[in-house]
Amino acid sequence: QVAWPKAGFTEVRAYCYDYTAEKSHSIFVDGRLHKGVMNPEGTVLNADQTKRLVEALTVSQGKQARTPCYKPHHAFVFYAAGGKVVAVFEMCFGCNKFMETPDGLPEYVDTGALYALCQELKLPLGTGNQFYTDACNSGRKSR
């Protein structure tokens, strides 16, 4: 198990986004949320969900299959008091790859637990970019 994030945080929010809405594979573009974010306010994790998230991210798992693509649609953002972003975890469940800021996570995380957490948080989960484009556009229109 690794210690991540090293900076203290007070809140974690989960996001779903259509990365194709602009030319970036990151939830943040020039210091703002990506235009494809379905839920711009984020879904706040409770204490138990946060504990499970951190465990899923920081406990090294066995080798997992991966494909060459990286098309992230889910992110967990760790905020300090005052809303300062201290860490970000972004995931593509299609290829089983992720990016973290700052670095420091194991090579393989518990993707099953992360997927289940996204289900619990009622974030869209599906196959293919068009699914996320449609889901995210639908989510933004209903707000």
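Both backbone and side-chain heavy atoms feed into the values below; hydrogens, waters and symmetry mates do not.
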Do any side-chain atoms of residues 112-125 form donor-acceptor pairs under 3.5 angstrom with protein atoms, and if so which ones, sequence neighbours left out?
{"from": "Glu120", "atom 1": "OE1", "to": "Arg52", "atom 2": "NH1", "distance (Å)": "2.9"}
{"from": "Glu120", "atom 1": "OE1", "to": "Arg52", "atom 2": "NH2", "distance (Å)": "3.2"}
{"from": "Glu120", "atom 1": "OE2", "to": "Gln49", "atom 2": "NE2", "distance (Å)": "2.8"}
{"from": "Glu120", "atom 1": "OE2", "to": "Arg52", "atom 2": "NH2", "distance (Å)": "2.9"}

Residues 78-92 side chain polar contacts: donor-acceptor under 3.5 Å, at least two apart:
{"from": "Tyr79", "atom 1": "OH", "to": "Tyr15", "atom 2": "OH", "distance (Å)": "2.6"}
{"from": "Glu90", "atom 1": "OE2", "to": "Tyr17", "atom 2": "OH", "distance (Å)": "2.9"}
{"from": "Glu90", "atom 1": "OE2", "to": "Ile27", "atom 2": "N", "distance (Å)": "2.5"}

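Shown here are the side chain to side chain contact (heavy atoms under 4.5 Å, CB included) partners of Ser24, two or more places apart in sequence or in another chain: Ser26, Val29, His34. Listed by chain and number, the residues in a side-chain hydrogen bond (donor to acceptor under 3.5 Å, both in side chains) with Glu22 are Arg32 (sequence neighbours excluded). The side-chain hydrogen bond (donor to acceptor under 3.5 Å, both in side chains) test applied to Thr50 returns no partner, not counting sequence neighbours. Scanning for side chain to side chain contact (heavy atoms under 4.5 Å, CB included) contacts around Glu107 gives Arg66, with sequence neighbours left out. Applying the side-chain hydrogen bond (donor to acceptor under 3.5 Å, both in side chains) rule to Thr20 yields the partners Asp18; only residues at least two apart in sequence or on another chain are considered. With sequence neighbours excluded, no residue satisfies side-chain hydrogen bond (donor to acceptor under 3.5 Å, both in side chains) with Thr101.
Side-chain atoms of Glu55 never come within 3.5 Å of backbone atoms of Val59 as a donor-acceptor pair (strictly under, hydrogens ignored). Within the 3.5 Å criterion, the main-chain N or O of Pro106 finds no donor-acceptor partner in the side chain of Trp4. In this structure, the side chain of Asp110 does not engage the main chain of Gln61 through any donor-acceptor pair within 3.5 Å.
Pairs of residues two or more places apart, or lying in two chains, that qualify as salt bridge (charged side-chain N to carboxylate O under 4.0 Å, His left out) and include a residue from residues 1-17 are Glu11-Arg13.
Hydrophobic cluster membership for Tyr70: Met99 (Ile, Leu, Val, Met, Phe, Trp, Tyr linked by side-chain heavy atoms under 4.5 Å, directly or transitively).
Looking at Thr58 and Leu105, their side chains come closer than 4.5 Å, going by heavy atoms from C-beta outward.
Note that NZ of Lys63 is 5.0 Å distant from OH of Tyr108, once rounded to the nearest 0.5 Å. From Thr111, atom OG1 reaches atom CG of Leu57 across 11.0 Å, with rounding to the nearest 0.5 Å.
Following chains of ILVMFWY side-chain contacts shorter than 4.5 Å, one cannot reach Met38 starting from Val44, and the two form parts of different hydrophobic clusters.
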* Could you please spell out the steps behind the side chain to side chain contact (heavy atoms under 4.5 Å, CB included) verdict for Val77 and Phe28? => CA-CA 10 Å; Val77 180; Phe28 289 105; 3.9 Å; yes
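At most 12 non-hydrogen atoms from other residues, nucleotides or ligands lie less than 6.0 angstrom from NZ of Lys71.
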